[in-house]
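Here the structure comes first, spelled out in C-alpha cells, and everything after it is commentary.
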Amino acid sequence: RSVYRRRDSIQRRVRVGTTCFEAMEMTGEALEQKVLVIGRAWWPARSIVANSYKRRFTVDSSGQILLLDQFCPWKEHLSDLETEAQAALKEGEPVSNVLYVLYADQSGKWRVQGVPESQGSFICRKYLPQPWRGLRDDELDKVTGVKKCVFVHASGLHRWAHDAGRRAAIGEDVR
C-alpha cells in the first residue's frame, strides 16, 4: 500500500512540475512576442509619427491633419508628441491638436481616421461629417466630391478610399 501512495505522490509532483514548466514557457513566449512587437513595430513608429507631426503644417495649414508616410501604430505616439508640444508652448500660444490622421493601410487603401480625445477612447476630437456616415462607393463619391471612396463608418470614425493620388483631397474635405 505504501508503494502505491508513494507512486501517486511522485506522479502528482511530476504533473505539477510539468504544468509549472509549461506555464513558464507560455509566459516566456508571450513576453518575447511583446518585446519583439515593441522593438520591431511600436518603437520605430515613434519616429514615423514624429516626422509626420513636424510636417503637419505642410499637409494642411491648420496643422490638424497628419499624413503618415506608412501605416504604423500612431495613437499613443501622437498623444505623447502633442503633450510634449503643449508643454513647450509659451503662455498664451494657441494649441493646434491634430483632428485627423491620413494614411495608407496595409491593403493600400487610404484612410482618414478621427483622433481620439484620449488614450483608449472611441470618442473623437472631431468626427467625419454626419451626411457621409454609413455611405459607400458612388453615393459617397457624390456627397464628398472625392472619387473612388470606399465607405465611411457609421460612427464617423473612419473613411476609406482607393485613390492614393487624391489623398490630399481626402484630407482637405473633412475640415
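The basis for the numbers below is simple: all heavy atoms, side chains too, and nothing from hydrogens, waters or symmetry mates.
- Both L140 and L102 sit in one connected hydrophobic cluster of ILVMFWY residues. Membership requires side-chain heavy atoms under 4.5 Å apart, directly or through other members.
- Following chains of ILVMFWY side-chain contacts shorter than 4.5 Å, one cannot reach I65 starting from V115, and the two form parts of different hydrophobic clusters.
- Follow the hydrophobic side-chain contacts under 4.5 Å out from L81 and you reach V101 in the same cluster.
- For S118, there are no side chain to side chain donor-acceptor pair (under 3.5 Å) partners, not counting sequence neighbours.
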Show the numbers, then the answer: is there a side-chain contact (heavy atoms from CB on, under 4.5 Å) between L66 and V59? CA-CA 7 Å; L66 186 78; V59 174; over 6 Å; no
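- Here Q33 pairs with L36 under the side-chain contact (heavy atoms from CB on, under 4.5 Å) rule; sequence neighbours left out.
- A pairwise comparison of heavy atoms in V143 and P131 identifies CG1-O, 4.2 Å as the closest pair.
- Across all their heavy atoms, V49 and C72 have their closest contact at CG2-SG, 3.9 Å.
- Hydrophobic cluster membership for L31: V35 (Ile, Leu, Val, Met, Phe, Trp, Tyr linked by side-chain heavy atoms under 4.5 Å, directly or transitively).
- Grouped by direct or indirect side-chain proximity (heavy atoms under 4.5 Å, Ile/Leu/Val/Met/Phe/Trp/Tyr only), F57 sits alone.
- Proximity of a side-chain donor or acceptor of S96 to a complementary backbone N or O of S62 within less than 3.5 Å is detected.
- Note: the hydrophobic cluster containing V152 also contains Y100 (ILVMFWY, side chain heavy atoms under 4.5 Å, direct or indirect links).
- What you find for Q119 and S79 is that their closest heavy atoms are NE2-CB, 3.2 Å.
- When the side-chain contact (heavy atoms from CB on, under 4.5 Å) test is applied to P116, the partners found at least two apart in sequence or on another chain are W74, K75, S121.
- Nearest approach of G63 to R56, heavy atoms of both residues: O-CD, 3.1 Å.
- In this structure D138 satisfies the side chain to side chain donor-acceptor pair (under 3.5 Å) test with no other residue, sequence neighbours excluded.
- The side-chain contact (heavy atoms from CB on, under 4.5 Å) check on S155 picks up H153, L157, with sequence neighbours excluded.
- By the salt bridge (charged side-chain N to carboxylate O under 4.0 Å, His left out) test, R125 pairs with E82, sequence neighbours left out.
- Annotation: ring pair (Phe, Tyr, Trp, His ring centres under 6.0 Å) contacts of F71 (sequence neighbours excluded): Y103.
- For D69, the salt bridge (charged side-chain N to carboxylate O under 4.0 Å, His left out) partners at least two apart in sequence or on another chain are R55.
- Qualifying side-chain contact (heavy atoms from CB on, under 4.5 Å) partners for A104, counting only residues two or more places apart in sequence or in other chains: W110.
- Between the side chain of Y53 and the main chain of I48, no donor-acceptor pair closer than 3.5 Å is present.
- Within the model, atoms CD of E117 and NZ of K126 stand 14.0 Å from one another, a figure rounded to the nearest 0.5 Å.
- Interatomic distance, CG of L135 versus CG of L128, reported as 11.5 Å (0.5 Å rounding).
- Under the 4.5 Å side-chain contact rule for hydrophobic residues, L67 and V112 share a cluster.
- Applying the salt bridge (charged side-chain N to carboxylate O under 4.0 Å, His left out) test to E84 and every residue at least two apart in sequence or in another chain returns R46.
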